[in-house]
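Quick notes on the structure that follows.
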Amino acid sequence: MVAIAENVQHRLTIETVEIAPNTTAIRSLDWDRDRFDIEFGLQNGTTYNSYLIRGEQTVLIDTSHQKFRQLYLDTLKSIVNPKTIDYIIVSHTEPDHSGLVEDVLQLAPRATVLASKIALQFLEGLVHDPFSKRAVKSGDRLDIGKGHEIEFVSAPNLHWPDTIFSYDRQTQIIYTCDAFGMHFCDERTFDEDLEAIEADFRFYYDCLMGPNARSLLNAMKRMSELGNIKIIANGHGPLLYHHLDILTGCYQNWSQRQSKAETTAGLFYVSEYGHGDRLVQAIAEGITKTGVGIEILDLSTAEVQEIQELAGRAAGIIIGMPPTTAVAALAGISSILAVVGNKQVVGLFESYGGDDEPVDTLHSKFIALGVKEAFPPIRIKEVPGASTYQLCQEAGTDLGQLLVRERNIKQIKSIDANLEKALGRISSGLYIITTKKGDVSSAMLASWVAQASLQPLGITIAVAKDRAIDSLMRVGDRFVLNVLEEGNYQELKKHFLKRLLPGSDRFAGVKTQTAKNGSPILTDALAYIECEVSSSLECSDHWILYCSVQEGAISNPDAITAVRHRKVGSYY
Ligand code: FEO
């Protein structure tokens, strides 16, 4: 985990901006990343966006994270008399948006909460006093005067089953909470600098939205029926305005690609329980890397038919253990057991909610039905941290790789034999990339490495998307390129090629030193070079990373680099 001292004061600021007539954005700016969370892989902080619309009646859309409590409430009071707030729209109940709903309700006692039916159920657990509420769904409208008519769109699974979008016909602004967001903190309210935000926009999509590509496509279809959209007022990061078409086009393309995946895994869990949500995110990200599509269902809210349809169709089943008291979720699991068969694979994980249904009993039931284990049940003994998320991600990748193994072999066999041999004549060196971020470390044997620039000195590396190290090799991440020595590399090569169980220590039994950038240097390598990822280019099943190099050294000036000669170009 990234070391943060207890008394670190994070930079928290707040900005209010008129984004359209009678419409104010209240953006809580959280400048520092303070946790290694799955979707916080990049290091540009985040924002929590809330909005105020003043027609003849006043509407507040979402609030902020608890850490902004005083700042947010003071700001809200400075721009509106909270007693005059008529409605609070809760787009989604995850605490980064709804963490202050209870506080706002105390200041705005006459306000009615508008949210999806599921969100209202979740809110009842978060807000202690009774409050006025009304469930809304697609097609419902709210006229607050001065032309502001708000139409609601159900957008389940973006990112929980509780999500709604709200579209103001007057200003042509749609409020989408997590969808179309990004973890990027900047004083600029809008998305004018596409280059600055695109990596975060993509990363956020991959982590939070990609696993729900079908839901996203459905929501985008409903959005297209609303009329013109001038601004997407999201819940995180800059609002989409200048590059709205490009960025929504990206969502469309990425989601279509995801939803057309030939193989699908179904992930079932209870979103409002324990640490299930983050764990699911990590597993889903690991699966997505392998090109396997993923669909997520909340066991406590999905219909039995929906659960069975997905469980019957999916090649892989992953289940996050629900609480023993969750009757609907347990019935959902029974319905999964009724439709699975021996051509499917399964992975189970504990949710660490304090009252998880036992993992072993369910595991035995699946095995008895002939369902193969994709990864050993993930048992969580302490509050999940970065290494737990890494374990989950690796487990997801293992499951995905298992599902696509045969298809990949078939594809390799279909390559023209002469072409394959010719391509194999491209030779390369042999390297091991090592990296450490917080308490998470990883390594990868690499041969597709080349010097790419002189001023500044730079290299490129091709990294397969399904490599575990991929999540630690994003723009801004640092690592060490260890150069292996001809005639003296077999031990290291063998060690780093070994297949390990998810979450295992890659460096156990290997001599290392620590580079200035914190990554391990392999003591037995011929040379090391400290690098930083400057940019990345998506190339089908690989990322090409362009990296700047900072410093390096060689251990034996007379030795030469190990060279990799292949027979065919269809493998490394
Ligand atoms: Fe930004 Fe799912 O909350």
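Order of listing sets the numbers, starting from 1, for every ligand and every atom in it.
Put simply, Asp277 stays out of reach of atom 2 (Fe) of ligand 1, with no N, O or S atom under 2.8 Å from it. When distances to atom 1 (Fe) of ligand 1 are checked against a cut-off of 2.8 Å, His159 contributes no N, O or S atom below that limit. Here His92 meets the criterion, with an N, O or S atom under 2.8 Å of atom 2 (Fe) of ligand 1. Note on Glu94: not counted as a metal contact of atom 1 (Fe) of ligand 1, no N/O/S atom lying under 2.8 Å.
When the N, O or S atoms of Asp178 are ranked by distance to atom 2 (Fe) of ligand 1, OD2 comes first. Taking atom 1 (Fe) of ligand 1 as reference, Asp96 places its N/O/S atom OD2 nearest.
The heavy-atom pair separating Thr13 from Phe68 by the smallest distance is O-CE2, 3.3 Å.
Separating the CG atom in Leu362 from the CD atom in Glu357 is a distance of 7.5 Å, to the nearest 0.5 Å.
Asp168 and His148 form a side-chain donor-acceptor contact under 3.5 Å, judged by distance and modelled atom types alone. No donor-acceptor contact under 3.5 angstrom links the side chains of His242 and Asp191, judged on distance only. For the residue pair Asn44/His183, the side-chain donor-acceptor check at 3.5 Å is not satisfied. Between the side chains of Gln66 and Arg69, no donor-acceptor pair of N or O atoms lies under 3.5 Å.
One finds an angle of 90° at atom 1 (Fe) of ligand 1 between NE2 on His236 and NE2 on His97, to the nearest 10 degrees.
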